[in-house]
Number of protein chains: 2
Amino acid sequence: MAEYSPARYVVLGLIARHGAMTPYELKSRVEDDIQPFWPILHAQLYRIPAELAQAGLLREETETAGRRRRIFHLTAEGRAALERWLADPDTPEAETRDPAQLKLFFADLGAAADIVALATRQAERHRGWLAHYESLRADLDPAEDSRQRSRARLLRLGVLHERAHAEFWESVAADPDRLDD
Amino acid sequence: MAEYSPARYVVLGLIARHGAMTPYELKSRVEDDIQPFWPILHAQLYRIPAELAQAGLLREETETAGRRRRIFHLTAEGRAALERWLADPDTPEAETRDPAQLKLFFADLGAAADIVALATRQAERHRGWLAHYESLRADLDPAEDSRQRSRARLLRLGVLHERAHAEFWESVAADPDRLDD
DNA sequence: AAGGTATGGTCTCAATGAGATGGTGTCAAG
DNA sequence: CTTGACACCATCTCATTGAGACCATACCTT
């Protein structure tokens with residue numbers, strides 16, 4: 001059932017939500033909104049739409065004006081594929097790659113002081129993200145459209161996630177050997 | 001300063017901790033302990049040690065007995081590289097790829113009922129991981145060696161992480177439009 | 001001795017990562 | 001009015017990783 005990789009659905013979804021757009025605009029929107037839970041290299045956002053157009057899920061149009069940018073529109077097949085994907089509650093496992101957790105895992109092989117330095121940096125970093133998500137959430141118009149609600153739901157997860165991690169790293173910095181939650 | 005990719009340090013670290021081993025044993029240990037924060041394909045655990053041996057960070061030895069497996073030992077340079085890495089508190093950002101968050105992000109483009117089905121599955125999944133980490137933590141010998149303490153620290157993060165996610169998805173399943181934490 | 005199962009290893013093709021490179025439109029300062 | 005500077009926009013290449021097929025050996029059981 002997973003006919004396409006998740007990055008493909010990011011492209012379909014953004015175009016479905018905001019209307020036809022260029023790869024460059026896709027890139028901006030991915031950076032702003034999607035990077036935290038599905039990073040995509042900018043070059044991919046030129047490769048993927050071209051491929052989806054080949055497959056008939058997008059339609060490619062070239063500007064006649066000056067820059068002759070390529071604009072990608074959603075087709076009916078594209079929308080159908082997106083809706084099939086959304087309707088399937090069975091998704092692959094999440095994957096995390098966190099170099100800081102790796103260093104913490106191997107901390108017993110290094111110097112004891114390394115842990116505190118690492119944890120201090122990580123705590124700062126996660127506090128930063130937490131503040132970022134909270135401010136985005138504060139900016140959200142309470143207008144009750146489903147777009148804003150989708151956004152708010154995910155920002156709530158971002159906040160909970162960053163809060164848990166920030167508190168964890170702070171507690172490691174304060175007491176590396178603490179065992180209780 | 002990041003001379004090698006994190007996966008390289010996984011190999012160096014496991015050998016530093018447990019002594020010389022074969023790729024197959026690396027594979028088992030990665031699956032058991034490291035997969036949650038740094039997934040590595042098993043084939044990589046045959047490619048990487050060979051490459052590290054080329055670079056002089058490992059020494060390769062071949063069994064004379066029956067199966068003639070390749071056993072990789074840590075060299076002095078290998079240990080030095082590992083320690084340099086551990087001593088550097090500056091690490092790249094964590095990356096997460098979670099298809100479920102992607103579906104939640106685009107939920108407004110699908111049917112309202114999709115959210116509840118998705119959230120229910122995710123809640124189950126995270127509850128499962130939470131139980132897993134808690135049982136691993138319960139099995140941990142309270143013996144005060146630094147190995148066990150390293151393990152315990154990371155399991156604590158696993159527990160906090162899974163608890164936050166499980167609670168989030170449960171609350172989404174119960175009330176998709178809830179806004180407060 | 002046959003077959004099953006866990007152990008152990010290699011290979012190939014596709015996809016993505018990482019980032020260098022280069023062109024185009026716009027606007028402000030000279 | 002023209003020349004940089006800068007933001008916008010796009011493509012390309014090479015290395016690395018992903019995904020998984022495929023194969024071989026040893027041991028254990030019936």
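In what follows, chains are A, B, ... by sequence order, proteins preceding strands, each numbered from 1.
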[X], nearest nucleotide to its side chain (from [options]):
X	options	result
B/His42	C/dG9, C/dT16, C/dG19	C/dG9
B/Ala43	D/dC12, C/dG9, D/dG20	D/dG20
B/Arg69	C/dT12, C/dG8, D/dT11	C/dG8
A/Tyr46	D/dA10, D/dG18, C/dG19	D/dA10

Rounded off to whole Å, could you give me the [atom1]-to-[atom2] distance for the [X] and [N] pair?
X	N	atom1	atom2	answer
B/Gln44	D/dT17	CD	P	5 Å
B/Leu41	C/dT16	CG	P	14 Å
A/Met21	D/dA10	CE	C1'	17 Å
A/Gln35	C/dG17	CD	P	10 Å
A/Gln54	C/dA15	CD	C1'	17 Å
B/Ile48	D/dT16	CD1	C1'	10 Å
A/Glu60	D/dA10	CD	P	10 Å
A/Glu95	C/dA15	CD	C1'	14 Å

>> As a test of understanding, state which of B/Arg147, B/Arg151, B/Arg17 forms a side chain to side chain donor-acceptor pair (under 3.5 Å) with A/Asp108.
In response: B/Arg17
Under 4.0 Å from OP1 or OP2 of [N]: is there any side-chain N or O of [X] that close?
X	N	value
A/Arg8	C/dT16	yes
B/Tyr24	C/dG9	no
B/Ser28	C/dG8	no
A/Thr22	D/dC8	no

Could you check whether [X] pairs with [Y] (Lys NZ or Arg NE/NH1/NH2 to Asp/Glu carboxylate O, under 4.0 Å)?
X	Y	result
B/Glu51	B/Arg8	yes
A/Glu25	A/Arg29	yes
A/Arg69	A/Glu61	no
B/Asp181	A/Arg137	yes

> Over its full length, what angle do the end axes of the helix from C/dA1-D/dT30 to C/dG30-D/dC1 make, each axis taken from five pairs and the result rounded to 10 degrees?
Replying inline: 10°
> Between the side chain of B/Thr75 and the main-chain N/O of B/Leu57, is any donor-acceptor distance below 3.5 Å?
Replying inline: yes
> Mind checking whether B/Tyr4 and B/Tyr9 have parallel, tilted or perpendicular rings, split at 30° and 60°?
Replying inline: perpendicular
> Which residue lies toward the 5' end of DNA chain C, B/Glu25 or B/Arg97, if each is placed at its nearest nucleotide?
Replying inline: B/Glu25
> Hey, does B/Arg47 reach any base, or is it just sugar-phosphate, or nothing, if we go heavy atoms under 4.0 Å?
Replying inline: base
> Taking all atoms of both residues into account, what is the closest heavy-atom pair of A/Arg153 and B/Ala107, and its distance?
Replying inline: NH2-CB, 4.1 Å
